[in-house]
Each structure stands twice: as C-alpha cells, then as structure tokens.
> 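One structure follows; several queries about it will come next.
Bear in mind the structure is a predicted one, so any value in this text is a computation, not a measurement. Side chains included, hydrogens not; waters and symmetry mates left out as well; all remaining heavy atoms used.
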Amino acid sequence: MTEEKSLNFIEEIVEEDLGKGKYESILTRFPPEPNGYLHIGHAKSICLNFGLAQKYKGATNLRFDDTNPVTEDVEYVDSIKFDVKWLGFTWANELYSSDYFDELYNLAVKLIRKGLAYVDDSSPDKIAAEKGTPTEPGIENEFRNRSIEENLLLFEQMKNGKFKDGEKVLRAKIDMKAINMHMRDPIMYRIKHAHHHRTGDKWVIYPMYDFAHGQSDSIEHITHSICTLEFVPHRELYDWYIDNLEIFPSRQYEFARLNMTYTVMSKRRLLQLVNEGYVSGWDDPRMPTISAFRRKGYTPSSIRTFCDKIGVARRDNLIDISLLEFCIREELNAIAPRVMAVLHPVKLIIDNYDENETEELVSENLPNDPANTRTVSFSKELWIEKEDFMEVPVKKWFRLAPGAMVRLKSAYIIRCDSFIKDNDGNVTEIHATYIPESKSHHDTSGINVKGTIHWLSVKHATKAEIRLYERLFTVENPAMEEGDFKNFINPHSLEIIPGAFVEPQLQHAVEGEKFQFIRHGYFCVDRESKPGEMVFNRTVTLKDSFKK
RNA sequence: UGUCCCAUAGUAUAAAGGUAGUACGACAGAUUUUGAUUCUGUUUGUCGAGGUUCGAAUCCUCGUGGGACAACCA
C-alpha cells in the first residue's frame, strides 16, 4: 500500500511553480543570524528548507544574516554550521550577507539615483515619532526632499566615516502614510562604527534586515524564501525593493514557527537563561537547543522525524513535547542496548546464596534480537532500587514487599523474607530467598510472578553519576504567562545522582553512546564523563503506566 | 480600535464543493522475565450566525476568538 502523504502548502506552491515551468529547479536558503545557538524551532526551518530542496532536486544555501556586527560572533557561526551538519544536511554554498556589502551599497546608490532613497539627519526619537502608529499615519520631514546629488554625497560620506553613530540614516522614500508601517520610509542603512566578524573595520554603515535579506536572496537567485509568520508585513517591502531595484524576483513565503510545551523558544529568553545562570550553558540538556538535545542523547533522525510529523502550516501552534519524546523513544527502543542501572540503591541479600559464589548470567541486549547477549555477574549481595520495595504495598503492587515474590531480571525468582530499618525509619537492607529452579531460561519452578526488577551485584557494579532531567518549566507556555517567564522555572528540572551503580562494562562507553537503563529510560554518556568517573544523561524516561 | 494573518478532537495535521481521516496524548484490554515494547479497542472535532449550492470544514457576508505590525534587531 502506497499511501500518498499530502503536501503542505509550501510544497503545493513549489509543485505548482515547477509544474508551470516558472523555475527549472528550486533554490532555498537557511538564513540564521549568528547571534545565538540553533534551537528546535530552527530545526523545523532547516528541515523545511533543506527537505524541500531534497524532495524537488534543488539546492539550499546556508547564509548567515550578519548585518548587525554588535550582536554577532564567529562562535555562533561555528556552532550553527556544526548543528546543521549534525542534523544531516549539506548546503550548496556557505554564504554571508556581509559578502554582499559592496553590492548592497551599489543597490542603495541605485535607489538614491532613482529618487527612491534619502539621507535623514533626524534622531531616532524623531524618526520614531514621525512614523506614526498603526492607526495614525506618519508625517514627512524636511530631509525627505533633498536632491539626489546631496543624497549621493551624504551617503558616500556616511560610508566614509564622516559621521558618528546615529547621526544619519539612509531611508527608502516610499509613503509615510502607508497603512503598512514597514512602508513608511524604512531605514535602509545605519551608521555603526563597529568591528564586523568578517569584514573587520571596512564598513561603518550596515544595511538593515529589510535591505539585506531580500537582496541577498535575489543575488543568489533564491526561488522560495521561506520565513516565519512575523515577516508577513515585511513582504510588501521585500517585493517593493525587488521591483524598484529591478533584480531577480525571489518570493517570500511564511509559515508558523514552532512552539513547544514547557519550554521557551525565543533567543532573547534563551540567552537570559544562559547569562543569568539558570542553566549551565547553551548545551545544558534542559535547553531546547540542538546542541542540548544532542548532549541529552537525541539523534538527528529523531529530530527530523519530529519535524516531519509536526507539519507546516500558517496557524499558531503549541506542539506537545510528548511528540518529540515519542520520536526519540521509538528510535532508541530499536537500537539502544539494554543494561541495568540502579539509581537509588538499597542492599538486597540473598540469604540462601553462597557468599563465595558468582554466576555469569546471560541477558539479552535487545529484546527483538535474542541472540545478541552479554553476561551479568550475580552474587549474594545485590543492589536494587529503593522504590522497588514497599513495606506496606499499595494495591496492584507487582514488586518487592514482605512475603512477596519477584523475578530478578535474567536471574532468579526471589521471595522477600525480612528487612532492616535504621533509626530514621529508612529501609537499609532487604533479605530474601532465591528459588534455584527458577533460573532464567532454565525455569522449572512453575512459579509465575507479576513483577520483574533489575539489580546489580554489589561487588561487580561500577559507580557512576547519573543526571536526570525534567522539563525546564512548570507551565505549558511560560512565555505567555503574566510576569517574568523565569518565575515558572521548574526547581526540580535537574537531579544529579552521584552514587548510582551501572554494569561494569559501561566504564568503556564513549561520549554520546546510548543505552536503555532497563525500567528507567534511555541514557547517554555525557561529554563531562571520564574513565572512572562516568556521567550519564537521561535522554527520556520510558513510558510508565503504573500509577500509585 | 487601523491593516494583515489565522480558526478542524486535549495537541498537531489532512480532506482543492461529495464518507471528517492520520499521528501524538488519554483511557481500557491482550501479550510480556523492562508496569517498556508489540497488538487490539475506546474516547473526543469542523468557533458562531446568516447566505450561495442538490450538496459547505471547504465559497461569500457579518460576528467572535487568537496572533502579528509603531527596534538605527533579525
């Protein structure tokens, strides 16, 4: 059965353009500003832009929109390139808006010559005041009707550094009474005596987004310039520049940006979390950045699958984080080797087991591949999870309790005989009897138990640090709450367990290596992990249908 | 109180005037040496009112609700 997947609205546009012969092939671009790390919302855009090109045999440029030197940095350029590659995409050309500064300057001159741009000496406040409001028209000022010659001279002097920051701007001469605010003589160039990460000190004037983005698209012959909804009002300007500059007509299409529950997606807020120390950095696994998901143990394909499932449309959305979690679980379930780890250990002593004996028991690494096995050492003293024992069990309790029987995964069925508590009432030791005939794969005991728990031999287990991550916020949409979004940070978003135990062969696991810790979830080796001081991050829990 | 964009189960996303479907979630059951996985089933939807039409989620009008727009940011 070949069920045809329906097209999203951008694919429909592309197919129509291709079908009509408007283009022979498409060219898209991914245009990040190098002033922050990429997040999952960017992944949606990356998958859309690169995915479209792949699907329709076109190409995609990676273009850094680096027209504001004061906020941009090569650190971000490098991280962005790394993340795009990691997601599995290859760009046709690595480009920078700053590559076009000369060309952009000439285009600006062209507009001045056509009488469609002028130098304005007004202060920022004055310009803002004269701009009007969405409901009131703006007004024209005294600089608007300077002669072409004067504008040409002034603009050149701006370029040559004759003026200080903010003294003058170049504006397009469109319509101060336009209903669309963006058409009220938008600023094209501003003066910034700032060092640029690529052009150095060559320029002291820099183009604004609207006089750089569309022109860069046009220079590259981008056919479909895809951006998010907040640029809808810019489209009129985008087209105006193209028409009046008489350059290649790239077309802009807008889709709804990704929002996800229990996180924030704006760079501004993400930067605050980093700068104010709420997280350890851009790749803190609680962040929604690509680098954080990577560190947390997500795979590129799980993120691509997610982006495919959420679709592309024009309505505002708030995607349930559980969909992303589903995507990574689905993938890791198939490939992550199973291993046992005890996070909150309590000692279990098998009273009828010889203290000098050790058995190497066979355990499967993947449930669907019984031939793929390892051995696990079993002995008299074991670590089990504190949570797997209840002195007074709740109803439907399948695990350990006084008198109750459970199976130790890949080992024996045991019966709990007694337990010891300390002065604070904490259970410190549990005693049990094992059933020799119930050995895994050789069970002749005829006993059926409901519960299976994991364990580790005390003298064989390796100590490790395990970091458990929960959602960073306590509310679905922190950005929409009243007041500071940081008031809704989850105080329990990170739990560090320094004294967990794992199977000994995990000492040799390398950074990024992924496992399923049975009954806990998926984990991977953190980049801070060192031999002898292993650190594991929880990628995602297993689904848990048990409710107390 | 201007212009623009948008409105389909809890969340997303299909149905180009002709059976409202899919995924995730939730719930229930079966299987299970992971309370996982797998399998089965259930649940819940076209914002409202008019109109056009044999027939409207789809087209039109008017409401209602949400979002965007007044950075020398992108």
> Once you apply a heavy-atom cut-off of 4.0 Å, does A/M480 come out as touching a base, just sugar-phosphate, or nothing?
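Here A/M480 touches the backbone only, sparing every base.
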> For B/U42, give its Watson-Crick or G-U wobble partner with both distances under 3.5 Å, or none.
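Its partner is B/A26 (Watson-Crick or G-U wobble, both distances under 3.5 Å).
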> Could you tell me how far apart A/I310 (CD1) and B/G25 (P) are, to the nearest whole angstrom?
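The distance from CD1 of A/I310 to P of B/G25 comes to 16 Å, rounded to the nearest Å.
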> For A/N180, which contact category applies under a 4.0 Å heavy-atom criterion: base, sugar-phosphate, or nothing?
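Result for A/N180 = nothing.
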> Checking contacts here: which listed nucleotide (B/A15, B/C72, B/A7) is nearest the side-chain heavy atoms of A/E12?
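In terms of side-chain proximity for A/E12, the closest of B/A15, B/C72, B/A7 is B/A15.
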> Searching all strands shown, indicate the nucleotide that pairs with B/G2 (Watson-Crick or G-U wobble; both distances under 3.5 Å).
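B/G2 is paired, partner B/C69.
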> Both distances below 3.5 Å, Watson-Crick or wobble geometry, any strand: find the nucleotide opposite B/G55.
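Pairing partner, where one exists within any strand: none, as none qualifies.
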> Run the salt-bridge test on A/R519 and A/E385 with the 4.0 Å N-O cut-off and return the result as yes or no.
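The answer is no: the pair does not qualify as a salt bridge.
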> Which nucleotides of nucleotides 30-42 of chain B have their base under 4.0 Å from a protein heavy atom (B), which only their sugar-phosphate (S), and which neither (-), written as one string 5' to 3'?
---BBBSS-----
> Report yes if a side-chain nitrogen or oxygen of A/T261 is closer than 4.0 Å to either non-bridging phosphate oxygen (OP1 or OP2) of B/U11; otherwise report no.
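Checking B/U11 against A/T261, no side-chain N or O comes under 4.0 Å of OP1 or OP2.
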> Tell me which nucleotide among B/C72, B/C69, B/U13 gets nearest to the side chain of A/P124.
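So the side chain of A/P124 is nearest to B/C72.
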> With a non-hydrogen cut-off below 4.0 angstrom, is A/F231 in contact with a base, only sugar-phosphate, or nothing?
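Contact class for A/F231: base.
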> Please report the distance separating the C1' of B/U38 from the corresponding atom of B/U44, rounded so that it comes out in whole Å.
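Straight-line distance between the two C1' atoms is 25 Å.
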> Would you call A/K81-A/E94 a salt bridge at under 4.0 Å N-O?
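So A/K81 pairs with A/E94 through a salt bridge.
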> Examine B/A12: is either OP1 or OP2 under 4.0 Å from a nitrogen or oxygen in the side chain of A/K44? Give yes or no.
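So the side-chain polar atoms of A/K44 never come under 4.0 Å of the phosphate oxygens OP1 or OP2 of B/A12.
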> Taking the side chain as everything from C-beta on, heavy atoms only, tell me whether A/M183 gets closer than 4.5 Å to A/W240.
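They are in side-chain contact.
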> In whole Å, what separates the P atom of B/A49 from that of B/C54?
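Approximately 22 Å lies between the P atom of B/A49 and that of B/C54.
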> State the pairing partner of B/G48; accept Watson-Crick or G-U wobble contacts with both distances under 3.5 Å, and report none otherwise.
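Partner of B/G48: B/C62.
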> Using the C1' atom as the point on both nucleotides, what is the distance between B/U22 and B/A15, in whole Å?
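Looking at atom C1' only, B/A15 and B/U22 are 11 Å apart.
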> Given B/A70, B/A74, B/G25, identify the nucleotide with an atom nearest to the side chain of A/S322.
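Nearest to the side-chain atoms of A/S322, counting from C-beta on, is B/G25.
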> Give one of base, sugar-phosphate or nothing for A/T228, where a contact means two heavy atoms less than 4.0 Å apart.
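Contact class for A/T228: none.
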> Counting Watson-Crick and G-U wobble pairs only, both distances under 3.5 Å, name the nucleotide matched with B/U34, or none.
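For B/U34, the partner nucleotide comes out as none, under the 3.5 Å rule.
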> Considering only side-chain heavy atoms of A/P134, which listed nucleotide, B/G10, B/A70, B/A23, is closest?
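So the nucleotide nearest the side chain must be B/A70.
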> Name the closest nucleotide to the A/T133 side chain, picking from B/A23, B/A70, B/U11.
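That would be B/A70.
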> Name the nucleic acid region contacted by A/V169, choosing base, sugar-phosphate or nothing; use a 4.0 angstrom heavy-atom cut-off, strictly under.
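Contact class for A/V169: base.
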> May I ask you to evaluate whether A/R235 reaches the phosphate of B/U3, defined as a side-chain N or O under 4.0 Å from OP1 or OP2?
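Looking at the OP1 and OP2 atoms of B/U3, neither is under 4.0 Å from any side-chain N or O of A/R235.
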> Any side-chain donor paired with an acceptor under 3.5 Å for A/S322 and A/D320?
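The criterion, which ignores hydrogens and geometry beyond distance, is satisfied for A/D320 and A/S322.
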> So is A/K192 actually on top of A/Y206's ring, under 6.0 Å and inside 45° of the axis?
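The answer is no, since A/K192 fails at least one limit relative to A/Y206.
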> Indicate whether OP1 or OP2 belonging to B/C6 is found under 4.0 Å from a side-chain N or O atom of A/R314.
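Yes, such a contact exists.
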> Does a salt bridge link A/R399 with A/E387, judged by any charged N lying under 4.0 Å from a carboxylate O?
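No salt bridge links A/R399 with A/E387.
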> Thinking salt bridges, do A/R338 and A/E364 make one under a 4.0 Å N-O criterion?
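So A/R338 does not pair with A/E364 through a salt bridge.
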